[in-house]
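Since the structure comes first, as structure tokens, the remarks are kept for the end.
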Amino acid sequence: MTADTSRLPPPATRWVIPALVGYSFSVAPALSTLTAVLAVLAGAAPVGITVGIGELVDGLTSAIGQGLGTPAAQECYRWVVLIVVLFFLTHVTESARTALGQALGRRVTGRLGERVMMAASEPATIGHLEEPAYLGRLGRARGDGTIDMPPGEAIFGFSTKASLWVSSIGSAALLTRVTWGLGLVVFAVFVAIHSRLVRNYRIAVIETVSQTTKLRRTSYLRDVPTTPGLAREVRLFGLAAFFRDAYQSEWRVNMTEVWQRRREHRLFVVVVVVVTGVTVAAVFYYLGLRAATGGSTVGDLALGGLAVRALLQMLRADEDDLRIGFGSKAAAEAFAFPVEATPVGPDTDPWPAPVATISCENLRFRYGGAADEVLHGIDLAVPAGQSLAVVGLNGAGKTTLARLIAGLDAPSGGSVRAGAIPIDDANRRSWQRQVVAVFQDFGRYELTVRDNIAFGSLAHADDEEGLRTVARQAGLLKFIEGLPNGWDTVMSSGFTGGVDASGGEWQRIAIARALFGLRHGAQLLIMDEPAASLDARAEAQLYDTFHELTAGATTIAISHRFATVRKAERVVVLDHGRIIEDGTHDDLITADGRYAELFRLQAKRFEEAPS
Ligand SMILES: Nc1ncnc2c1ncn2[C@@H]1O[C@H](COP(=O)(O)OP(=O)(O)OP(=O)(O)O)[C@@H](O)[C@H]1O
């Protein structure tokens with residue numbers, strides 16, 4: 001729903017780095033402090049080396065005149081020792097800073113990832129997870145894209161650049177000591193070039209590449225031929241070339257602007273090289289002239305040269321700028337997700353009373369962004385314990401109705417009531433705990449089979465007897481007992497010791513999960529084509545024992561199979577979002593309307609089928 005997305009404020013793109021630094025200190029104070037100290041040390045040590053070399057050169061000039069063993073020579077030894085120590089310190093601090101900066105980045109990424117995950121799973125409705133805009137922002141917050149840069153990369157890149165700035169400012173200060181005017185001018189020119197260079201570089205690479213919505217589609221096209229499930233059809237229908245071409249042409253369209261920016265950037269780099277070359281030549285000429293005319297010492301000349309060399313490091317846009325650019329974009333998106341979202345567990349407030357009737361009153365619904373309503377004023381009352389079948393042609397709105405009754409979407413108009421209580425945002429979660437469902441696209445969790453079934457009522461996951469009972473009822477017990485690790489087998493061959501289940505086995509798992517929920521107090525069972533993947537015998541068994549299995553619970557089954565539909569106590573026919581028939585199977589056959597027509601059509605097909 002649009003309302004869900006609009007709950008997300010736009011990303012605050014200004015001051016992201018200070019916000020990220022603040023966040024790092026709040027989630028990992030010790031690691032952040034240590035990284036900051038090391039960044040400063042790693043930047044300051046090279047400045048110390050420059051000072052040392054300048055002093056050493058001057059010292060040597062005097063020592064050469066005075067000879068070995070003189071105080072001037074000893075002074076030189078001291079400078080040599082200092083320089084060597086600082087070389088080691090530079091190396092050690094830089095290595096440590098890199099390791100800790102990366103660890104800090106991972107910590108920040110992890111914590112922000114949790115925040116985003118919690119926020120995205122916090123709304124009790126699910127419409128936001130079907131919106132391209134919301135999904136795009138979710139992807140950007142995680143750093144998905146051609147260049148995979150999650151938020152923590154920015155903090156690592158920033159620690160590297162912070163070192164660079166410490167050494168640049170230190171070097172500029174040294175140059176200022178030799179000749180203050182020149183030092184300031186060179187520093188100012190380099191800062192200006194640096195910021196322009198980085199800006200250009202980021203625009204060239206980042207602004208245009210981080211268009212996640214477009215990229216999601218491009219990546220989708222690229223991944224289809226290797227996606228399990230789709231790969232089969234790609235081979236059978238010979239679609240590989242189609243997807244390659246579609247991927248290439250979309251990629252080209254998306255990248256045209258990027259390539260244009262990159263050309264401009266290259267041109268700018270040429271200008272930078274020329275301006276830098278002229279500036280550096282002018283500096284050396286000036287320093288050389290001063291040394292030659294006695295205005296400064298040879299040591300000053302060496303010191304100035306080394307300082308300029310250090311400052312030249314600024315004139316580079318590199319992967320750390322990418323890290324800062326992409327990472328801070330991801331961070332800005334991640335910060336937009338609410339911080340107070342908490343994970344929702346199974347223990348919400350219980351529904352206040354047993355529900356005598358579940359009813360829809362003038363229920364209307366429109367999917368976010370869609371022009372037309374899918375449901376146009378449904379009125380329906382389902383008494384507790386009734387088994388209701390909902391039938392209708394494809395797209396009639398059956399699944400949508402089930403989603404609304406389960407409280408997964410908020411109606412656009414009218415209401416769903418459980419007993420006398422309308423389901424709304426205040427009690428939605430509590431109602432959801434009363435509902436178990438086997439949707440068409442039920443969850444296939446790549447976890448143990450035990451988890452897969454216990455998810456029906458997580459609070460009772462230790463009910464071994466219950467797990468066995470529902471597994472038996474769903475016809476799964478033998479299958480589970482034959483698994484390599486029994487109940488603890490992971491349901492995916494992608495994990496060591498894991499196995500893949502067939503479509504029908506997965507469906508039985510989903511049914512067992514729902515039965516486990518019913519066993520532990522759920523009041524409503526929704527089944528959307530629950531037998532679609534079951535073989536004929538399993539389907540017959542399921543429906544023959546249905547009443548026994550669902551023992552007193554209200555059930556709503558959506559099905560196109562009339563052999564099963566006729567077993568329901570009551571049938572409603574949905575057509576273009578409206579209920580057009582409502583009654584028992586016999587009533588509707590007698591009425592000779594749409595239901596009777598569809599029923600006869602299906603029965604005829606079976607009669608005509610060769611035996
Ligand atoms: N997430 C969605 N976003 C936008 N439109 C949707 C979404 N899901 C379904 N629709 C549209 O709503 C209409 C009703 O879909 P629904 O899935 O409720 O029909 P159905 O009766 O269950 O169909 P089927 O028998 O094919 O499962 C369809 O026109 C469908 O295109």
Side-chain angles (χ1 to χ4, degrees), residues 1-6 120-121 123-138 213 216-217 220 358 360 362-380 382 388-414 416 432 435 437-443 503 507 510-511 514 524-534 539 555-566 568 570-582 588 593-595 597-599 601-602 605:
M1 308 283 301
T2 39
D4 285 316
T5 305
S6 61
S121 36
T125 53
I126 54 171
H128 61 297
L129 296 174
E130 292 169 347
E131 269 184 55
Y134 191 93
L135 293 176
R137 294 194 63 181
L138 205 58
T213 309
R216 263 196 312 127
R217 195 175 146 68
Y220 171 76
I358 298 165
C360 305
N362 193 24
L363 182 64
R364 317 180 84 85
F365 187 72
R366 183 198 314 274
Y367 281 101
D372 298 322
E373 281 184 342
V374 174
L375 300 180
H376 308 275
I378 301 277
D379 286 303
L380 176 70
V382 189
L388 172 76
V390 182
V391 300
L393 298 181
N394 292 133
K398 303 181 294 294
T399 301
T400 308
L401 177 62
R403 281 171 51 153
L404 282 153
I405 291 176
L408 292 170
D409 291 294
S412 315
V416 176
Q432 286 170 352
V435 183
V438 182
F439 282 111
Q440 286 178 37
D441 50 356
F442 54 79
Q507 194 144 32
I511 292 169
L524 171 64
L525 167 66
I526 294 175
M527 301 246 214
D528 193 350
E529 290 295 355
S533 305
L534 297 186
E539 182 183 356
T555 59
I556 299 179
I558 299 170
S559 181
H560 293 290
R561 302 196 190 194
F562 285 80
T564 56
V565 168
R566 64 183 302 174
R570 177 183 172 196
V571 181
V572 294
V573 182
L574 213 57
D575 183 48
H576 291 100
R578 290 190 171 79
I579 291 179
I580 55 165
E581 290 170 31
D582 184 348
L588 298 189
R594 175 70 55 82
Y595 178 81
E597 178 200 347
L598 295 174
F599 183 80
L601 262 174
Q602 210 172 75
R605 255 186 33 221

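Counting starts at 1 for both ligands and their atoms, in listed order.
For R566, the CZ atom counts as loosely surrounded, since its 6.0 Å shell holds 12 or fewer non-hydrogen atoms of other residues, nucleotides or ligands.
Of all protein heavy atoms, the one lying nearest to atom 27 (O) of ligand 1 is Q440 NE2, 3.1 Å. Scanning the protein heavy atoms around atom 16 (P) of ligand 1, the nearest turns out to be T400 OG1, 3.6 Å. Of all protein heavy atoms, the one lying nearest to atom 29 (O) of ligand 1 is G395 O, 4.2 Å. Looking only at heavy atoms of the protein, atom 17 (O) of ligand 1 is closest to T399 CB, 3.6 Å. For atom 10 (N) of ligand 1, the closest heavy atom belonging to the protein is Y367 CE1, 3.3 Å. Protein heavy atom closest to atom 25 (O) of ligand 1, with residue, atom name and distance, is K398 NZ, 2.7 Å. The nearest heavy-atom contact from the protein to atom 26 (O) of ligand 1 is N394 ND2, 3.0 Å. Counting protein heavy atoms only, atom 13 (C) of ligand 1 is closest to V374 CG1, 3.6 Å.
Ligand 1 has a nitrogen or oxygen under 3.5 angstrom from a nitrogen or oxygen of A396. Residue contacts with ligand 1: R403 is placed with no nitrogen or oxygen under 3.5 Å of a nitrogen or oxygen of the ligand (distance criterion only).
Using 4.0 Å as the threshold, A370 has no heavy atom nearer than that to any atom of ligand 1.
In this structure, L401 and L380 approach most closely via the heavy-atom pair CD2-CD2, 4.4 Å.
Distance alone, capped at 3.5 Å, is enough to place a donor-acceptor pair between the E581 side chain and the Y595 backbone. A distance-only check finds no donor-acceptor pair linking the side chain of E373 to the backbone of F365 [under 3.5 Å]. Side chain of Q602 to backbone of R561: no donor-acceptor contact under 3.5 angstrom is found. Looking only at distances, a side-chain donor or acceptor of D379 sits under 3.5 Å from a matching main-chain atom of N362. For E529 (side chain) and H560 (main-chain N/O), a donor-acceptor pair under 3.5 Å exists by modelled atom type.
Look at K398 and D528 and you find no salt bridge, because none of the NZ, NE, NH1 or NH2 atoms lies under 4.0 Å from a carboxylate O.
Judged by distance alone, the side chains of T125 and D409 never bring a donor and an acceptor atom under 3.5 Å apart.
Closer than 4.0 Å to atom 22 (O) of ligand 1 lies at least one heavy atom of the protein.
Atoms of ligand 1 lying under 4.0 Å from at least one heavy atom of H560, given by number and element, are 25 (O).
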